[in-house]
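Here the structure comes first, spelled out in structure tokens, and everything after it is commentary.
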Amino acid sequence: MLSGDVPPNQTIYLRNLNEKLKKEELKRSLYALCSQYGRILDLVALKTSKLRGQAWVVFSEITAATNAFRGLQEFEFYGKKMQVQYAKTKSDCIAKEDGTYAPKEKRKKQEEKAAEKKRRAEESQQTGPNAAAAQSNGFGNQASRQGKVPQEEAAPPNNILFIENLPRETTDKMLQLLFQQYPGFREVRMIEAKPGIAFVEFEDDSQSNVAMMALQGFKIAPEYPMVITYAKK
DNA sequence: AGCACA
């Protein structure tokens with residue numbers, strides 16, 4: 001079965017995530033990406049040896065989780081296709097809400113993991129500057145590897161997105177159709193003298209971020225995964 | 001591949 005035999009759950013389990021990301025950035029990007037499907041109650045991502053590359057996203061409604069399950073299956077996220085399943089168990093934040101939270105059962109597990117926590121504390125000190133450099137362009141790295149997009153420092157969040165690696169035949173109409181499905185969309189601007197790039201404006205940073213996460217790597221033509229970054233101020 | 005709740 002597609003779901004891997006795990007029955008629907010209001011929490012989705014994501015794996016095959018890019019392990020090089022800092023936990024904060026991973027969570028922030030996942031939050032932006034997943035919140036288009038519904039309200040997120042909690043998002044758990046750990047970088048222990050056993051749990052890196054995975055995350056749990058807890059939605060307020062099972063329908064939202066189902067939509068995310070479908071919509072994000074194989075979604076290319078920071079250069080890797082994410083695999084989506086339903087979580088095998090109920091998330092603590094849900095259990096606490098419905099009164100079924102049983103901390104007792106967890107104590108054994110927590111003891112088992114105490115040793116691992118120490119290890120992780122050591123590991124987290126190792127995630128240094130080279131890790132940050134490797135991820136500077138986030139999703140766009142396939143395109144960057146092809147040499148089509150110069151590697152640059154990531155710009156800080158902005159309500160205006162900068163789109164690169166577009167095929168020459170791209171029109172502003174095409175981009176408008178793509179981007180207008182996300183809330184806060186304002187307009188697309190292309191410069192005739194500069195083919196292959198465009199600016200897309202949203203009302204605010206968080207709305208532009210949602211669109212960026214959703215359309216990152218989208219291919220208007222087979223060889224051209226679009227690379228979206230924040231425009232420079 | 002991996003199923004947690006810093």
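A, B, ... follow the sequence lines: proteins, then strands. Residue 1 opens every chain. Note: hydrogens, waters and symmetry copies are ignored here, and every other heavy atom, side chains too, is used.
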Return yes if the base of B/dA4 and the side-chain atoms of A/Thr11 contain a donor-acceptor N/O pair under 3.5 Å, otherwise no.
no

For the pair made of NZ in A/Lys47 and P in B/dC5, what is the distance, rounded to whole Å?
17 Å

Walk me through whether A/Glu25 and A/Lys27 qualify under salt bridge (charged side-chain N to carboxylate O under 4.0 Å, His left out).
CA-CA 5 Å; A/Glu25 183 178 358; A/Lys27 290 177 90 167; over 6 Å; no

Spacing between A/Arg15 atom CZ and B/dA1 atom P, to the nearest angstrom
5 Å

Out of B/dC3, B/dA1, B/dA4, minimum distance to the side chain of A/Glu19 belongs to B/dA1

Ring of A/Tyr13 versus six-membered ring of B/dC3: centres under 5.5 Å and planes under 30°?
yes

Rounded to whole Å, NZ of A/Lys90 lies from C1' of B/dC3 at a distance of 16 Å

Please assess A/Tyr86 against A/Phe69 for the test ring pair (Phe, Tyr, Trp, His ring centres under 6.0 Å), listing each intermediate value before the final yes or no.
CA-CA 8 Å; A/Tyr86 292 109; A/Phe69 178 94; 4.4 Å; yes

Apply side-chain hydrogen bond (donor to acceptor under 3.5 Å, both in side chains) to A/Asp204 and list each qualifying residue two or more places apart in sequence or on a separate chain.
A/Ser206

Side-chain donor-acceptor pairs of residues 179-186 of chain A under 3.5 Å, sequence neighbours excluded:
{"unit_1": "A/Gln180", "atom_1": "OE1", "unit_2": "A/Gln176", "atom_2": "NE2", "d": "3.4"}
{"unit_1": "A/Gln181", "atom_1": "NE2", "unit_2": "A/Leu178", "atom_2": "O", "d": "2.9"}
{"unit_1": "A/Arg186", "atom_1": "NH1", "unit_2": "A/Glu201", "atom_2": "OE2", "d": "3.0"}

DNA chain B: A/Lys80 or A/Ala45, which has the more 5' nearest nucleotide?
A/Lys80

Whole-Å gap separating C1' (B/dA4) and CD1 (A/Ile12):
14 Å

With heavy atoms under 4.0 Å as the rule, sort A/Lys96 into base, sugar-phosphate or nothing.
nothing

From CG of A/Asn18 across to C1' of B/dA1 the rounded distance in Å is 16 Å

Whole angstrom value for the distance that separates P of B/dA4 from CG of A/Leu41
19 Å

Round to the nearest Å and state the distance from A/Tyr101 atom OH to B/dA4 atom P.
13 Å

I need the CG-P distance between A/Leu43 and B/dA4, as an integer number of Å.
16 Å

